[in-house]
Amino acid sequence: MIRVGLTGGIASGKSTVSRFLHERGAEIIDADLIAREVVAPGTHGLKSIVETFGEEFLAPDGTLNRAKLGELVFSDGEARQALNAVVHPLVRARSAELIDHLPADSIVVEDIPLLAVGKMADRFDLVVVIEATPENQVARMVRDRDMTEDEACARLKSQASNAERRAVADVLIVNNGSAEELAAQLDKLWLRLEQMRTEDVRVEG
Ligand code: ATP
């Protein structure tokens with residue numbers, strides 16, 4: 001199995017890259033999706049969050065009020081750490097469980113926005129960082145997500161910088177151009193991953 005960690009800033013193109021690699025045959029593990037799953041109604045995750053933050057973070061239908069919790073952790077570092085202490089181990093355990101059920105010769109791509117901040121690079125055979133200029137990230141958020149430029153800039157500022165992510169990159173994908181330019185970089189990446197898998201199978205065999 002080849003394990004790839006994929007990360008990048010907000011609206012840098014992680015989902016676009018995941019989709020492309022999935023079309024080529026990669027198995028995708030999406031940390032954001034799993035982070036929602038582990039705090040769904042009826043889970044231990046949701047129970048822990050309510051114990052930590054209070055019932056006022058539940059919506060009337062019993063689901064997590066993500067917007068309200070998001071506002072709190074966006075502005076309060078301690079609350080962010082407390083939330084991460086609940087959610088991160090659950091995401092890690094669920095990801096491991098999903099990966100355990102995949103075929104042994106899979107190329108597994110884990111899309112983890114916080115890979116660099118969480119110092120997780122050591123877990124992977126290859127860390128791929130996708131990067132766009134802050135101007136492009138903001139423009140994409142304003143264009144596609146109904147955000148104002150100020151909101152988009154604030155989101156960007158709350159995240160790790162491109163330099164912090166570059167520091168953990170084995171492969172840097174720059175996504176400031178056309179879809180075709182991105183695809184050309186990803187074709188090269190996929191060839192490299194297939195080669196790694198061939199070598200891995202040979203060693204195992
Ligand atoms: P998030 O951090 O919010 O999960 P992301 O990193 O997964 O975002 P995407 O959703 O893949 O980013 O891309 C953000 C937006 O930019 C999407 O609407 C996508 O279609 C668009 N986009 C991605 N790459 C390009 C590109 N090269 N040119 C123009 N638009 C692009």
Side-chain angles (χ1 to χ4, degrees), residues 3-40 64 66-67 69-71 73-75 80 83-84 87-88 90-92 94-95 98 107-121 124 126-190 193:
R3 291 188 57 178
V4 181
L6 172 69
T7 195
I10 187 164
S12 58
K14 297 180 295 298
S15 306
T16 308
V17 169
S18 287
R19 251 195 320 275
F20 180 100
L21 296 174
H22 182 64
E23 281 164 15
R24 294 296 182 279
E27 304 282 354
I28 308 297
I29 303 283
D30 182 329
D32 270 351
L33 267 184
I34 296 175
R36 286 169 186 268
E37 185 189 309
V38 298
V39 298
L64 181 63
R66 304 183 68 85
L69 191 57
E71 254 171 51
V73 302
F74 189 54
S75 58
R80 187 160 56 237
L83 179 64
N84 288 344
V87 176
H88 285 179
L90 294 171
V91 172
R92 199 167 171 162
R94 179 69 182 137
S95 303
L98 291 170
I107 295 174
V108 182
V109 176
E110 293 183 59
D111 177 345
I112 308 182
L114 296 178
L115 187 150
V117 190
K119 308 209 183 313
M120 300 173 211
F124 301 101
L126 198 76
V127 172
V128 176
V129 171
I130 170 134
E131 184 179 294
T133 59
E135 292 75 19
N136 273 335
Q137 286 172 278
V138 168
R140 287 173 195 162
M141 281 186 266
V142 170
R143 183 192 65 194
D144 303 326
R145 300 187 190 171
D146 208 22
M147 282 189 189
T148 66
E149 200 167 315
D150 281 351
E151 284 165 346
C153 287
R155 289 296 293 271
L156 205 61
K157 264 201 191 144
S158 73
Q159 296 198 324
S161 66
N162 279 345
E164 285 169 279
R165 280 185 293 267
R166 269 184 189 218
V168 299
D170 297 309
V171 173
L172 181 69
I173 304 281
V174 178
N175 183 25
N176 291 312
S178 63
E180 290 72 25
E181 283 171 71
L182 178 62
Q185 294 179 79
L186 296 176
D187 277 330
K188 257 197 217 160
L189 170 64
W190 185 249
L193 291 172

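For ligands, and for the atoms within them, numbers begin at 1 and follow the listed sequence.
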Fill in the blank from the handout: dist Lys14:NZ -> Leu6:CG (nearest 0.5 Å) comes out at 8.0 Å
Exercise for the section: Assess Gly177 for proximity to ligand 1: is some non-hydrogen atom of it under 4.0 Å away? Expected result: yes
Handout entry: Side-chain touch Arg66/Val39, heavy atoms, less than 4.5 angstrom
Key = yes
Exercise for the section: Would you mind reporting whether Asn175 and Ser12 have side-chain heavy atoms less than 4.5 Å apart? Expected result: no
Exercise for the section: Among all protein heavy atoms, pick out the one at the shortest distance from atom 2 (O) of ligand 1; state its residue, atom name and that distance to 0.1 Å. Expected result: Lys14 NZ, 2.7 Å
Completion exercise
re atom 15 (C) of ligand 1, the protein heavy-atom contact at minimum distance is Asp144 OD2, 3.4 Å
Exercise for the section: Output the distance between atom CG (Leu33) and atom CG (Asp111), rounded to the nearest 0.5 Å. Expected result: 9.0 Å
Fill in the blank from the handout: Among non-hydrogen protein atoms, atom 30 (N) of ligand 1 lies closest to Arg143 NH2, 3.4 Å
Practice task
Answer yes or no: is there an ion pair linking Arg94 with Glu37, defined by an N-O contact shorter than 4.0 Å?
Solution key: yes
Completion exercise
One finds that the ligand 1 atoms under 4.0 Å from a non-hydrogen atom of Ile10 are 2 (O), 3 (O)
Practice task
Provide, to 0.1 Å, the distance between atom 10 (O) of ligand 1 and the closest protein heavy atom, together with that atom's residue and name.
Solution key: Arg145 NH2, 3.4 Å
Handout entry: Any Ala11 heavy atom less than 4.0 Å to ligand 1
Key = yes
Handout entry: Exceeds 12 heavy-atom contacts within 6.0 angstrom, atom CZ of Arg36
Key = no
Fill in the blank from the handout: among protein heavy atoms, the one nearest atom 12 (O) of ligand 1 is Gly13 N, 3.1 Å
Exercise for the section: Tell me which part of Arg140 gets within contact of ligand 1: side chain, backbone, both or neither, using heavy atoms under 4.0 Å. Expected result: side chain
Exercise for the section: May I ask whether Gly8 places a heavy atom under 4.0 Å from ligand 1? Expected result: no
Problem - Sub-4.0 Å heavy-atom approach of Met141 to ligand 1 - result: no
Problem - Charged N-O contact under 4.0 Å between Asp187 and Arg24 - result: yes
Problem - Close approach of Glu181 to ligand 1, heavy atoms, under 4.0 angstrom - result: no
Handout entry: Location of contacts on Gln137 toward ligand 1, heavy atoms closer than 4.0 Å
Key = neither
Handout entry: Validation row: Ser15, Asp30 side chains within 4.5 angstrom (heavy atoms)
Key = no
Fill in the blank from the handout: When distances are taken from atom 24 (N) of ligand 1, the protein heavy atom at minimum range is Asn175 ND2, 2.9 Å
Exercise for the section: Measure the CD1-CD1 distance between Ile34 and Ile112 for me, rounded to the nearest 0.5 Å. Expected result: 8.5 Å
Handout entry: Test item, Gly9 contacting ligand 1 (heavy atom, 4.0 angstrom)
Key = yes
Practice task
Please identify which atoms of ligand 1 are closer than 4.0 Å to at least one heavy atom of Ser15.
Solution key: 5 (P), 7 (O), 10 (O), 11 (O)
Fill in the blank from the handout: Residue pairs passing the salt bridge (charged side-chain N to carboxylate O under 4.0 Å, His left out) test with at least one member in residues 135-155, sequence neighbours excluded, are none
Handout entry: Nearest-contact summary for atom 11 (O) of ligand 1 - protein heavy atom, Å
Key = Thr16 OG1, 2.5 Å
